[in-house]
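Just below is one structure, and these are the notes that go with it.
Below, chain A is the first sequence line, B the second, and so on; all start at residue 1.
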Amino acid sequence: MEEYPNKQATENLDDPPNSRLFVVTSRSITEDELREGFSAFGDIQGVWVVKDKQTKESKGICYVKFAKSSQACLAMEEMHGKVLMEGTKPCKVFIAQSRSSTRHRDVEDEELTRIFVMIPKTFSEEDLKDTFKEYGDIEYCVIIKNKFTGESKGLGYVRYYKPSQAAIAIENCDKTYRAILAEPRTKATVTEDYSAGAPRGDYMGGGDSMNQYAFPMADPGNYQVMDYRSNDFTRCLMMSTRAALTQEQIFALFDIIPGMEYCELQRDAYGMSKGHALIRYSNLGSAVYAKEKLNGFEYPPGNRLVVNFVDDGDDRSSPVGRMAMQFVATQMMSAVWNGPSTSQVMKPPGFSPVSPMSRVQTDVNLPPLKKLAPPDSKTKERLFVVFSPSPLPPDVLEDVFCRFGSLIEVHLVPGRKVGYMKYADKQCADEAMAALHGRVVNGVKMKVMLADPPREESHKRPRTY
DNA sequence: CGACGGGACGC
DNA sequence: CGACGGGACGC
């Protein structure tokens with residue numbers, strides 16, 4: 001069949017676009033070890049470890065070329081923050097800049113998750129979503145319309161949660177849609193700085209005030225008895241993320257597990273936290289539990305957090321100490337997985353690529369799931385919800401807000417941090433509001449209020465039916 | 001003869 | 001802090 005033209009065409013050039021990874025890892029990692037670590041995600045066309053010209057030693061920088069962008073994106077999403085070889089630092093994984101690019105900035109998920117498509121002018125945003133949801137979870141769809149007449153220009157944007165989903169859509173959707181990655185919106189991109197006005201530096205937590213959350217699983221305090229020699233072993237976790245998270249977001253997330261006494265964002269040279277955060281708990285049990293619950297958790301949705309143990313500092317290079325730490329950690333893990341108090345099995349022993357954390361983590365004692373009201377139910381009450389710092393995904397919201405009964409629909413306002421919950425029964429809505437106002441779900445705080453009546457736009461074009 | 005290029009967001 | 005080698009191109 002088709003022959004690969006030569007090495008230049010397949011490996012050097014970024015063809016197809018965004019199919020090459022830039023990997024920052026330990027200098028001890030070899031080409032074979034990289035190949036081994038990344039081969040599960042697709043067809044590797046080349047691995048190149050950048051070495052010092054004189055000493056021939058690795059500079060800790062590598063490139064991994066895949067046949068497809070979707071493969072590279074998936075590998076990035078799954079491998080960022082992972083420890084490639086026992087005892088080495090977690091790697092960082094980005095889509096490589098194209099070789100012709102002079103820019104020296106990381107390629108952001110922002111640039112990899114939104115596609116631009118050409119669609120029939122008759123398409124509604126619902127149609128657009130229905131067409132492209134088969135390739136991945138969609139954050140939102142927008143159709144470009146004439147500002148005055150409201151008629152579609154036959155162009156649309158689809159934002160996915162993950163780069164791999166956008167890449168799969170581009171690779172696999174019907175060619176008539178002419179799907180390409182959308183250029184990022186120019187100018188004032190809404191990247192609020194939530195750290196404004198916040199105390200700088202270390203967060204010395206440890207107060208009990210925020211630690212009274214109800215948990216569906218075992219109380220981590222149960223493992224406190226096993227916290228022997230805790231000074232010799234780790235209570236410290238390292239969290240890796242590719243999305244820019246703030247100190248406050250990370251703090252709020254890890255503070256869900258009782259016993260957090262320290263949480264420090266390690267900002268990179270550009271001031272964003274694409275690197276790591278260090279979190280310490282007062283006891284080993286809490287640290288094990290936090291790793292168990294938060295490793296693999298998507299926050300914000302689409303951004304998989306990676307949580308690893310890290311030793312307490314002094315003996316970082318000792319293989320013996322590392323082995324011992326690993327051993328204890330493994331024991332603790334199986335205690336968590338197999339222990340008597342763990343009635344509901346979260347996951348089997350071993351490493352699983354699936355998210356180990358249940359979809360909803362909250363300080364609310366939620367009633368069980370309830371069925372949605374039929375879509376054609378009459379709306380008797382709407383709740384207006386404000387999210388901070390960022391909106392929760394619709395499936396999570398449905399999971400949470402349906403539990404008081406009669407929920408018809410979750411509606412998020414695209415591009416805003418607000419949403420509406422439609423209920424067929426007023427009392428159900430009131431109960432949801434009472435239970436959920438001011439509460440935190442997956443690290444996102446919610447204000448839940450009665451919605452103002454919808455504004456009637458009298459001079460809007462009539463419905464099409 | 002004979003069939004496909006075009007394409008950008010009220011922050 | 002973390003950004004780009006080695007190899008050698010048709011009849």
- What pairs meet the ring-ring contact (aromatic ring centres under 6.0 Å, His included) rule with one or both residues in residues 141-165 of chain A, with sequence neighbours excluded? Phe116(A)-Tyr157(A)
- Can you sort out the partners of Phe22(A) under ring pair (Phe, Tyr, Trp, His ring centres under 6.0 Å), two or more places apart, ordered by chain and number? Tyr63(A)
- Take atom CD of Glu171(A) as the centre, draw a 6.0 Å sphere, and report whether it contains more than 12 heavy atoms from other residues, nucleotides or ligands. yes
- Query: Of the nucleotides dC9(B), dG5(C), dG7(B), which one has an atom closest to the side chain of Leu155(A)?
  - Reply: dG7(B)
- Task: Find the distance Ile29(A):CD1 to dG2(C):C1' and express it as a whole number of Å.
- Result: 15 Å
- Sequence neighbours left out, what passes side-chain hydrogen bond (donor to acceptor under 3.5 Å, both in side chains) with Asp137(A)? Give chain and number order. none
- Check side chain to side chain contact (heavy atoms under 4.5 Å, CB included) between Lys447(A) and all other residues, then give those that pass, not counting sequence neighbours. Val386(A), His437(A), Met449(A)
- Within residues 173-184 of chain A, find the residues that approach DNA chain B with a heavy atom at under 4.0 Å, and present them sorted by residue number. Arg178(A), Ile180(A), Ala182(A), Glu183(A), Pro184(A)
- Whole-Å distance, Trp48(A) CH2 to dG6(C) P, equals 9 Å
- Of all the choices, dC9(B), dC4(C), dG2(C), which nucleotide is nearest to the side chain of Lys89(A) once you look at every atom? dG2(C)
- Message: Once side chain to side chain contact (heavy atoms under 4.5 Å, CB included) is applied, do any residues pair with Cys402(A), and if so which ones, sequence neighbours excluded?
- Response: Leu369(A), Leu372(A), Leu407(A)
- Item | Residue closer to the 5' end of DNA chain C, Gly60(A) versus Glu31(A) (nearest nucleotide) | Gly60(A)
- Send over the distance from Asp52(A) CG to dG6(C) P, rounded to a whole Å. 11 Å
- Message: Can you measure Lys51(A) atom NZ to dG2(C) atom P for me and round it to whole angstrom units?
- Response: 18 Å
- Message: Under a 4.0 Å threshold between the charged nitrogen and the carboxylate oxygen, would Glu77(A) count as salt-bridged to Arg304(A)?
- Response: no
- Query: How many Å lie between NZ on Lys153(A) and P on dG7(B), as a whole number?
  - Reply: 11 Å
- What is the distance, rounded to the nearest whole Å, between atom NZ of Lys65(A) and atom C1' of dA3(C)? 17 Å
- Task: Answer yes or no for this row: Tyr157(A) ring on dC9(B) base, centroids under 5.5 Å, planes under 30°.
- Result: yes
- Gap between atoms NZ and P, on Lys145(A) and dG10(B) respectively (whole Å): 9 Å
- Item | Stacked pair Phe22(A)-dA3(C), distance under 5.5 Å, angle under 30° | yes
- Message: Can you tell me which nucleotide in dG2(C), dA3(C), dG5(C) comes closest to the side chain of Lys53(A)?
- Response: dG5(C)
- Query: Are Thr176(A) and Asp174(A) close enough that a side-chain donor and a side-chain acceptor fall under 3.5 Å?
  - Reply: yes
- In whole angstrom, give the distance that lies between atom CZ of Arg20(A) and atom C1' of dA3(C). 8 Å
- Task: Could you list by number each residue of residues 113-121 of chain A showing a heavy-atom separation from DNA chain B of less than 4.0 Å, or answer none if no residue does?
- Result: Arg114(A), Phe116(A), Val117(A), Met118(A)
- Taken in chain and number order and not counting sequence neighbours, the residues that satisfy side chain to side chain contact (heavy atoms under 4.5 Å, CB included) with Val49(A) are Glu31(A), Leu34(A), Lys51(A), Ser58(A), Cys62(A)
- Message: Taking donor-acceptor contacts at under 3.5 Å, does the side chain of Arg99(A) reach the base of dC4(C)?
- Response: yes
- Item | Residues in side chain to side chain contact (heavy atoms under 4.5 Å, CB included) contact with Ile168(A), at least two apart in sequence or another chain | Ser70(A), Tyr135(A), Asn172(A)
